[in-house]
Q: 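Here it is: the structure, laid out below.
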Amino acid sequence: MNKPEVKAYGTESAEAPLNQLTINRRTTTPHDVEIEISYCGVCHSDLHTVRNEWHSTVYPCVPGHEIVGKVVSLGNHVSKFKVGDLVGVGCLVDSCRECQYCKEGLEQYCEPGATQTYNSPDKHLGTQTYGGYSERIVVDESFVLRIPENLDLAATAPLLCAGITTYSPLRHWKVGPGMKVGIVGIGGLGHMGIKIAKAMGAHVVAFTTSESKFMEAKRLGADEVVLSKDAGQMAAYHGKLHFVLDAVSAQHDINAYLALLRVDGSLALVGAPELPLPVSAFSLIPARRSFAGSMIGGIAETQEMLDFCGKHHITSDIEMIDINQINEAYERLLKGDVKYRFVIDMKSLKSVW
Ligand code: NAP
Ligand code: ZN
Ligand code: ZN
C-alpha cells in the first residue's frame, strides 16, 4: 500500500527535544477524510507523553490532539464532509464501535480500547498513531467534528481536548443554575472549565496557585477566585461547593479540595499527575463525598460541546507559536506560564524544514 510521507514534529526519546520527523499517513480509504492541519493546540498530555511520564510512550512520538484544519480530499463513501470544510479532530481517531460503551457514544471508554490520536496502535499502518504536530492527518469521518462557523479557528483548536474534557464531567454531574462549582488549576483545561461552567449557569469559584491569574480568573467568568496557597481563603469555602473539577497537572493535596465539598458533593479529577494522590478516608466519610475521574468525551458529546461553544461564543484564550518554539513552550507550560493555551500555527512547519 502506498503510504504518503508527511512532515511532522516529534521526538525519538523521552530525553530528546522535539524536532523534525517524517511520518507516513495512510492513503484515504472509502470512509476517510484527509485534513490539512491549520492549527494544533498544546495540551499538557502532549508533554506528559513526550517525556514518558505515564510510562506508556512508544517512540517516535508525534503529539497533538487539538487539531483543526481543512478537508483536502475524501474517500468515495464519505457522506458527512466535503472538500474545503473546516473540521476538527480531538483525542480519538477510532474505537471498536461494537461494545456497549461505543454504542452509547462513550467511545473514550471503549472496552477493547479506543484508538487515541497519538501513541496508540495504528490499525492501518501497524505503527503507533501520530498526532497533530504535522502537515496532514487522515481520519475516519465518524471521528471528525464540525467546527461552528462563528468561532475563530485557531482559538477553537483547544476545545477538541481542553473543551470536551471539562464539558463532559460538568454535564455528567449536572452542573447548572443553583450549583456552586469549584475549578482547580487555571491552565488550558481549567480556564475552559470556568467558561463552560459559567455558560451552564453555575456559580463558579476558581482556585489557583498563581497570583498572576487571581485577577484574570474573573475576566474568564469566575464569580469568585481563591488563592489556594492561602489556608485562610481556603477555609472560607469548606463544605460549600456542590462539585469540584480538578485540572491540576502535578502533585497537590487533593484532601484540601475534597474538604470544599458539601454533603454528597463530588470531586472529579481530570488532571493526570504522574504519581498517585493520597486520599484520606476522613476527606470522604464524614460528608458522604465522592471522588471520581473523567476522561475526555465521546464523539457525539464533543460535537455537542462544539455547538454549545458556538452558541455561547466560547473559545480558548490562546498564545500562538511557531512549531520551532515548541520546546520552549513546554518549559513555560511546566511553570504555568501560558494564558491559557499554546496553539501552533502549522504553516510554520513548512518554513523550518
Ligand atoms: P496546564 O495548562 O499545564 O494547566 C495545569 C494547571 O495546574 C496550571 O496552570 C496550574 O494552575 C496548576 N498547577 C500546575 N502545577 C501545579 C502544582 N505543582 N500545584 C498546584 N497546581 C499546579 O495543563 P492542562 O493542559 O490544562 O492539563 C491539565 C492536566 O489534565 C494534565 O495532567 C493533563 O495531562 C490532564 N488531561 C487530562 C485529560 C482527561 O481526559 N482526563 C484530558 C486532557 C488533559 P494554577 O496556576 O491556576 O494553579
Ligand atoms: Zn489533551
Ligand atoms: Zn468499543
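Being a predicted model, the structure only gives us computed values, none of them experimental. Counting convention: from 1, in listed order, for ligands and their atoms alike. Count residues from 1 along the sequence.
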Q: Answer yes or no: does atom NZ of Lys311 have more than 12 heavy-atom neighbours from other residues, nucleotides or ligands under 6.0 Å?
A: no

Q: Measuring from atom CD of Gln108 to atom OG of Ser168, what distance do you get when rounded to the nearest 0.5 angstrom?
A: 6.0 Å

Q: At less than 4.0 angstrom from any non-hydrogen atom of Ala247, what atoms of ligand 1 do you find?
A: 5 (C), 7 (O), 28 (C), 29 (C)

Q: Below 4.0 Å from any atom of ligand 1, is there a heavy atom belonging to Trp54?
A: yes

Q: Of the side chain and backbone of Ser45, name the one, both, or neither that has a heavy atom under 4.0 Å from an atom of ligand 1.
A: both

Q: Suppose you place the vertex at the Zn ion (ligand 3); what is the angle out to Cys99 SG and Cys110 SG, to 10°?
A: 120°

Q: May I ask you to check whether Cys161 brings an N, O or S atom to under 2.8 Å from the Zn ion (ligand 2)?
A: yes

Q: In terms of heavy-atom contacts, does CZ of Arg288 have more than 12 from other residues, nucleotides or ligands at under 6.0 Å?
A: no

Q: Parallel, tilted or perpendicular for Phe207 and Tyr237, by the 30°/60° rule?
A: perpendicular

Q: Is it true that, when you exclude Tyr101 itself, more than 12 heavy atoms of the residues, nucleotides or ligands shown sit nearer than 6.0 Å to its OH?
A: no

Q: May I ask you to identify the nearest protein heavy atom to atom 48 (O) of ligand 1, giving residue, atom name and distance to one decimal place in Å?
A: Thr209 OG1, 2.6 Å

Q: Strictly under 2.8 Å, is any N, O or S atom of Cys91 next to the Zn ion (ligand 2)?
A: no

Q: Considering only heavy atoms, which of Cys91, Gly293, Ser210 lies nearest to atom 46 (O) of ligand 1?
A: Ser210

Q: Does Gln251 come within less than 4.0 Å of ligand 1, judged by its heavy atoms?
A: yes

Q: Between the candidates Thr49, Leu333, Thr208, which shows the shortest non-hydrogen contact distance to atom 47 (O) of ligand 1?
A: Thr208

Q: Counting heavy atoms only, which of Ile296, Leu189, Ile186 comes nearest to atom 11 (O) of ligand 1?
A: Ile186

Q: What do we get for His48 next to ligand 1 when only non-hydrogen atoms under 4.0 Å count, side chain, backbone, both or neither?
A: side chain

Q: Please state whether Ala162 comes within less than 4.0 angstrom of ligand 1, counting heavy atoms only.
A: no

Q: Counting only heavy atoms not in Lys70 (residues, nucleotides, ligands), do more than 12 fall under 6.0 Å from its NZ?
A: no

Q: Tell me whether Arg171 at atom CZ has more than 12 heavy atoms from other residues, nucleotides or ligands lying less than 6.0 Å away.
A: no

Q: Supply the atom-to-atom distance His124 NE2 to Asp122 CG, rounded to the nearest 0.5 angstrom.
A: 6.5 Å

Q: Backbone, side chain, both or neither: what part of Thr165 comes under 4.0 angstrom of ligand 1, heavy atoms only?
A: side chain

Q: What angle, in degrees and rounded to 10°, do you get at the Zn ion (ligand 3) when you join it to SG of Cys96 and to SG of Cys102?
A: 120°

Q: As a check for students: among Arg341, Lys213, His65, His44, identify the option with a heavy atom nearest to atom 8 (C) of ligand 1.
A: Lys213

Q: Quick test: of every protein heavy atom, which one is nearest to atom 14 (C) of ligand 1, and how far off is it to 0.1 Å?
A: Ser249 OG, 3.6 Å

Q: Got more than 12 heavy atoms from elsewhere within 6.0 Å of NZ, Lys123?
A: yes

